[in-house]
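Please read the structure below before turning to the comments.
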Amino acid sequence: MYSEKVMDHFTNPRNVGEIENASGVGTVGNAKCGDIMRIFLDIDDNGIINDVKFKTFGCGAAVATSSMATELVKGKKVEEALKITNKAVMDALDGLPPVKVHCSLLAEEAIHAALWDYAEKNNLKIEGLKKPKSDINEEEEEIKEEY
Amino acid sequence: MYSEKVMDHFTNPRNVGEIENASGVGTVGNAKCGDIMRIFLDIDDNGIINDVKFKTFGCGAAVATSSMATELVKGKKVEEALKITNKAVMDALDGLPPVKVHCSLLAEEAIHAALWDYAEKNNLKIEGLKKPKSDINEEEEEIKEEY
Amino acid sequence: MDKKIYLDNAATTATRPEVVEAMLPYFTEKFGNPSSIYEFASQNKKAVTDAREIIAKSLGANAAEIYFTGGGSESDNWALKATAEAYKEKGNHIITSKIEHHAILHTCEYLEKNGFEVTYVGVDENGVLKLDELKAAIRPTTILISVMFANNEIGTIQPIKEIGEIAKQNNILFHTDAVQAYMQLDINVDDLNIDMLSASGHKINGPKGIGFLYIRKGVKIRSLIHGGAQERSRRAGTENVPAIVGYGKAVEIAMDTFKERTEKEIELRNYLIERVLAEVPYTRLNGHRTKRLPNNSNFSFQFIEGESLLIMLDMKNICGSSGSACTSGSLDPSHVLLAIGLPHEIAHGSLRLTLNEDITKEELDYVVTNVKEIVDKLRSMSPLYEDYVKGIN
Amino acid sequence: MDKKIYLDNAATTATRPEVVEAMLPYFTEKFGNPSSIYEFASQNKKAVTDAREIIAKSLGANAAEIYFTGGGSESDNWALKATAEAYKEKGNHIITSKIEHHAILHTCEYLEKNGFEVTYVGVDENGVLKLDELKAAIRPTTILISVMFANNEIGTIQPIKEIGEIAKQNNILFHTDAVQAYMQLDINVDDLNIDMLSASGHKINGPKGIGFLYIRKGVKIRSLIHGGAQERSRRAGTENVPAIVGYGKAVEIAMDTFKERTEKEIELRNYLIERVLAEVPYTRLNGHRTKRLPNNSNFSFQFIEGESLLIMLDMKNICGSSGSACTSGSLDPSHVLLAIGLPHEIAHGSLRLTLNEDITKEELDYVVTNVKEIVDKLRSMSPLYEDYVKGIN
Ligand SMILES: Cc1ncc(COP(=O)(O)O)c(C=O)c1O
Ligand SMILES: Cc1ncc(COP(=O)(O)O)c(C=O)c1O
């Protein structure tokens, strides 16, 4: 069902944990849908993401996408981190099963939420960053039914 | 599907053939339903059935019931022959599958038809003999559907 | 002959040993439910996928267009009922033929009781659909044409390509019951404009209780069996993995042997047909002489009745059938034989012999000899023959 | 542990070697179509009759009341749709429960789209049907009550006798989906006033792709699959003889081992439940503590999600499930767990372990150890657990 990369990031997730007094924290998803991701960012004065941690309640793909997303943003500038899409996360994981695509969207959104929090706390305006939705809808699900 | 007796009477039918100038001949059934029985009777002046022959177009049960019916009436008085029911034919054959019960009715009817012919030819009135139907309906078929 | 001569391959076939071999591990070892998440079950999911792909390929279809069912009857019911339901806004008229299998005909009757109108198009004396009648039957409300690929009793192959074109030109869906034709004839769903196609495992040396419905992508479909999300949420029920695997294997073998097998069958069939017609008087071949299934022969012997013939053949170790297997027990003669214009008494005297490539000519010789003898014997006790000989009608 | 520990017997079971053994001759040798007339096929007819009698006996029913189908889902669909059709003059109301299998629920939804009204009766926190609610739901137009015998996810056994009485007193037909209960619980259709009962072969070490519907004599029935005259003209399709024979064998064995087997399963189940509840904190047992299937356990582990737990167990060679097998892939938590009142996040963290009599206590010890470790690990990365520990929310 899952690629080896996904299984690797699921069973040995990178950057699990919390950051005390994080520069930004974002939590997205909800327990109803079975996925909650929380991302902690430590951002230095030059806008570089020095450290990142996550906690995730969710399926294997949710954990793996969180793990991969944290790997991808780590050491990046805020502006670069913002450009990391769910597609990039999926590609880095060698793909996800169709029903799990929403996990990668959630991971992208969690990064955005943490950046938003960072921006609010520091009264910054980050170019291109919109207030994140706390949740994403599984639009891809519908397609199956139409067929 | 068929009892040994039925198979025996089907594969070695007794009294197959015709009687020339028979005292009575009866043909019942129709090709539409797939069964036609013709019975030839040779009846002597004392009203005793000296000889009987049959020809049948039909399934195994049709042949076997014809054969058994001829055996049962052979040597009997007309009045006795009249009393031979389809049940007697079936019993003598150790039973028939439910869908084949109509064959035994047809055999009974064929005897009656031959007797009727005999009665008409000789201007007799045989007590209890009604003008036979040329065909019988498979009433038992309906029951299945109701269930 | 001590050996049984099985000439009823249209009723069902022996499952091939290789097929059983392929199925076996999926009963006791790899028994998992393909919908399960653990690794142990993923091999079953894969096995199902593989079989689906083999079948898709055999028809020139995509794997996502193949839906496994519990057999040909279910596939037929599903195709008709689902189309009726999904397209009822568009219209309530269905066209089929007079010589369909009961799985189609009785489903049509059911639909008729539920507000649909069905036209049953006739066939000519060889059992070939009357295309003019078909065209004339089309209405603005026609949503489906369902015509069998080849007939199970008389073996006649229908002009499927023409029917597919007519359907397409009129923007009507086209379903074909290919239960007898699949793997006996070359079928490409795109070339023939087929939108839906039914097939059944046990007719091609696969297992019983498995079939499929091909549904072209884009056709609106409703479930017949609702429940779990199996078969892309279209056909509920835990996947019958061993049977699916066996079906895949049977198709694989049937594909590999296709040309040689069908050519051999046609030769044997022709041999049988020619000898019977030449040697048994008052006999006709039912169905088209050449446009017929490679393994099918069907005769009517005048003046005799089919069941007695069958039983006597059985006593000689020859298995044949009269009309379609599923309807034996019924007293009416085959609706197919009536549709090609046979009178009742002749329809009653019919014999279907459907062979496979393993039959030998010697065995067929034995069959012919016995058919001859038995037909003679039965005629000698037939009142119809008596009348005929005496010139009475 | 190198050996796989299969704890998903509610999803499907291994076909017993004796069952496969019994089936084998019917693939390659005795492959005939039971509807055929020749002697060769009559052994197959007999084999089907024998299996039917074994099954009838197991329920205290008559053989003529057992109809073979392609599985549990088909049986469920058939029971509901046929009753709806046959009794629609009497009324259009059906009562079922909130915790039925999707084969019932989705069929009910289908019927709702077609003019029927369905009341979904709730269950208490243990999953037991609320009889008061059931009684209150009855209308003059109620034609059917369909309540499962025992639940496939949480194992709760329903008060079938009481439901049967209520149905009878109100002159309403009673169907029960016994796919999980059959051969795990003692069932007599007369004692329990059951009019229709669904079961499936692969849940009791029989083959996949076969099931039956018990229909009490006198109940008006319509076909779901129209066509040939098989199953007394009620369910068309060439009989799946090998599977029917295998099913009969599986039932025979299950009857013979019934008492010993279920007692052993109950003991093992209790052992597992007690250890898990005692050793894993923030854990609850779903379903009734005692009125539950002998082989079923179902836990909710707070703060974690079921799929990750399953995958990690799989890596330790333990096969379990979360919610019902057929619905995995869906993102919603189990409707059953929601119906017993679990909040979504707890429902998401559920694990079903369904055992069989061959599991050992040592194996269960290994399972408990691993469940503990994995739950710990997942909690350590759960934001919900973090919030809980910090006293947020
Ligand atoms: C309670 C219940 N009903 C119906 C079914 C459907 O049975 P099958 O998958 O054999 O069609 C199942 C099993 O999946 C079940 O557990
Ligand atoms: C043309 C045709 N359609 C449908 C069927 C039904 O197939 P099954 O018996 O596998 O359900 C058959 C065979 O009986 C058939 O010959």
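Here is the naming used below: chain letters follow the sequence lines, and residue numbers restart at 1 for every chain.
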Side-chain donor-acceptor pair present, [X], [Y], cut-off under 3.5 Å:
| X | Y | value |
| --- | --- | --- |
| D:Arg234 | D:Ser223 | no |
| C:Thr15 | D:Thr28 | no |
| D:His175 | D:Ser198 | yes |

Per-residue contact mode, [X] against chain D (heavy atom under 4.5 angstrom):
| X | value |
| --- | --- |
| C:Met23 | side chain |
| C:Lys30 | neither |
| C:Ile318 | neither |
| C:Ala243 | neither |

For the interface with chain C, which of D:Glu39, D:Glu29, D:Met315 has the highest count of heavy-atom pairs at distances below 4.5 Å? D:Glu39
Taking every heavy-atom pair that is under 4.5 Å apart, which of D:Gly211, D:Ser200, D:Ser73, D:Ala14 has the most such pairs with chain C? D:Ala14
Sub-3.5 Å donor-acceptor pair from the side chain of C:Asn151 to the main-chain atoms of C:Ile99, do we have one? yes
Give a yes or no on whether the backbone of D:Tyr38 and the side-chain of D:Ser36 come within a donor-acceptor separation of less than 3.5 Å. no
Chain C heavy atoms under 4.5 Å from [X]: which part of the residue, side chain, backbone, both or neither?
| X | value |
| --- | --- |
| D:Asn240 | both |
| D:Thr13 | backbone |
| D:Glu109 | neither |
| D:Arg222 | neither |
| D:Leu24 | side chain |

Give the member of [options] that has the highest number of heavy-atom pairs under 4.5 Å with chain D.
| options | answer |
| --- | --- |
| C:Ala236, C:Gly70, C:Pro207 | C:Ala236 |
| C:Ile104, C:Ile210, C:Leu224, C:Leu313 | C:Leu224 |
| C:Glu307, C:His226, C:Lys208 | C:His226 |
| C:Gly71, C:Gly237, C:Gly209, C:Cys319 | C:Cys319 |

Hey, mind stepping through C:Glu239 and C:Lys45 against salt bridge (charged side-chain N to carboxylate O under 4.0 Å, His left out) and telling me if it holds? CA-CA 9 Å; C:Glu239 293 89 342; C:Lys45 199 177 211 157; over 6 Å; no
Would D:Phe116 and D:Tyr110 count as a ring-ring contact (aromatic ring centres under 6.0 Å, His included) here? Give the steps. CA-CA 9 Å; D:Phe116 288 84; D:Tyr110 165 84; 9.2 Å; no
Pi-cation contact, D:Tyr182 with D:Lys203 (under 6.0 Å, within 45°): no
Identify the heavy atoms of D:Ala41 and D:Asn33 that sit nearest to each other, and give their distance. CB-O, 3.2 Å
Just checking D:Glu21: does its CD atom have more than 12 heavy atoms from other residues, nucleotides or ligands closer to it than 6.0 angstrom? no
